[in-house]
Amino acid sequence: MAAPVAPARVRNVVFVDGVRTPFGKAGPKGIFAETRADDLVVKVIRELLRRHPELPPERVDEVAIAATTQIGDQGLTIGRTAALLAGLPKSVPGYAVDRMCAGAMTAVTTAASGIAFGAYDVVIAGGVEHMGRHPMGEGVDPNPRFLSDRIVDSSALVMGSTAENLHDRFPAITKQRADAFAAASQAKYADAVENGRIGPEFVPVATRSAEHGWGLATADEPPRPGTTVEDLAKLKTPFRPHGRVTAGNAAGLNDGATGCILADEETADELGLPVGMRLVGYSFMGVEPEVMGVGPVPATEKALKRAGLTIADIGLFEINEAFAVQVLAFLDHFGIADDDPRVNQWGGAIATGHPLASSGVRLMTQLSRQFAERPDVRYGITTMCIGIGMGGTVIWENPHWNGDAK
């Protein structure tokens, strides 16, 4: 009998770099209305390789791409098809991921686990959502037992209604607080753009309109600079009469793609790839689907416990702003002020948009760039709520940390 094979050692996983397309407004007037979803992913993959000529394409071991609505030009195992369309060698495999809003986050954590185990050395991971072509829920057929057997409340399948439920559960989170947080997100985003902090990660995308001809998308379409709390107070509450969730204190319906390079740290050193962040740990947790926005709380608690850290160790937070109320629920739980400068310092999805499965890598790309500016910060997290009642959190370490502070 052959001797048993020694178990593989766990390897350090690093986030090398991330890029994204500008995010567009979903619908016939959006910048990507006549652009295919898979072509957005192709642009992202090609840009990652263009920015890193030190990475031979044949050294990419896997391409993991997420989409929530895997149909049409977002279907057909998009990780594989996008890899082929991007010109990667045919020997490079690929797959598709679906965890609703946390698709790209799951693409990263799943691929990173393969790197840590030794199955891969280098992976491209990301996500895409073309909500104009493929609205969330297109073609789905929820099992009637969800409602007939009272497995979930009827509001669980309507994300805006789950946000209203969260306001009910936490009455201290008023509409006024949500509107103030949303206005601040717009202001922080505008400041980040003006100061060149948002923009370097963009992949320009050629667009075509049957009406207007060719164009070039170079900036996010959803932001509303100059938004005030007074402006937001006037908006309708579409999910409930006299409710608290509006188009102004929630992310919109958007189109866009993201991607990143992940690698084993020794492989990154070998190839000369930069290290933007080191993966510390991650966790996904389920919660009641009716209040899915609270998902980041238990996910973060679990991730911190497994990493041997506390919330006080975290110096930067990138929290996906699907709804202002879910971010505020997270902050209240951990005793963090609404305007804490560690949180979403360049604004968030309320301003930039939230193309569902792509957003996790946007959070990671921004955190990585913030780490480069903040050697005083050792740890940061990316976290988001997830439809059907889940939350996901990834903890990262800053390779530029100078050892003098958290």
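- Between the side chains of Thr300 and Thr393, at least one donor N or O lies within less than 3.5 Å of an accepting N or O.
- When all heavy atoms are compared, the tightest approach of Leu309 to Ile395 is CD1-CG2, 4.0 Å.
- In this model, a donor atom of one side chain and an acceptor atom of the other lie less than 3.5 Å apart for Asp231 and Thr228.
- Counting heavy atoms from C-beta outward, Asp255 and Met131 have side chains that approach closer than 4.5 Å.
- Under the 4.0 Å criterion applied to side-chain N and carboxylate O atoms, Lys188 and Asp339 are not assigned as salt-bridge partners.
- In Leu253, the CG atom is not crowded: 12 or fewer heavy atoms of neighbouring residues, nucleotides or ligands sit closer than 6.0 Å.
- Side-chain polar atoms of Asp98 and Gln70 form no donor-acceptor pair below 3.5 angstrom.
- In this structure, the side chain of Arg342 engages the main chain of Ile314 through a donor-acceptor pair within 3.5 Å.
- Ring geometry, Phe334 versus Phe330: the interplanar angle falls from 30° to 60°, so the pair is classed tilted.
- Judged by distance alone, the side chains of Glu129 and Thr68 do bring a donor and an acceptor atom under 3.5 Å apart.
- Under the 4.0 Å criterion applied to side-chain N and carboxylate O atoms, Asp220 and Arg362 are not assigned as salt-bridge partners.
- Arg51 and Glu47 are joined by a salt bridge, as a carboxylate oxygen and a charged side-chain nitrogen come within less than 4.0 angstrom of each other.
- In this model, a donor atom of one side chain and an acceptor atom of the other lie less than 3.5 Å apart for Arg20 and Thr352.
- By the 4.0 Å N-to-carboxylate-O rule, Arg11 lies too far from Glu266 to be salt-bridged with it.
- Gln366 and Gln345 are not linked by any side-chain donor-acceptor pair at a separation below 3.5 angstrom, with hydrogens and angles left out of the test.
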**Request:** Applying side-chain hydrogen bond (donor to acceptor under 3.5 Å, both in side chains), run through Asp73 and His130 and close with a yes or a no.
**Result:** CA-CA 9 Å; Asp73 55 344; His130 201 308; 5.7 Å; no
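- Under the 4.5 Å side-chain criterion, counting only non-hydrogen atoms from C-beta, Ile115 is in contact with Val123.
- At a threshold of 4.5 Å between non-hydrogen side-chain atoms, the residues Phe202 and Thr218 do not count as touching.
- For Phe146, the CZ atom sits in a loose shell: 12 or fewer heavy atoms of surrounding residues, nucleotides or ligands are nearer than 6.0 Å.
- Between Met292 and Met159, the shortest heavy-atom distance links the atoms CE-SD, 3.8 Å.
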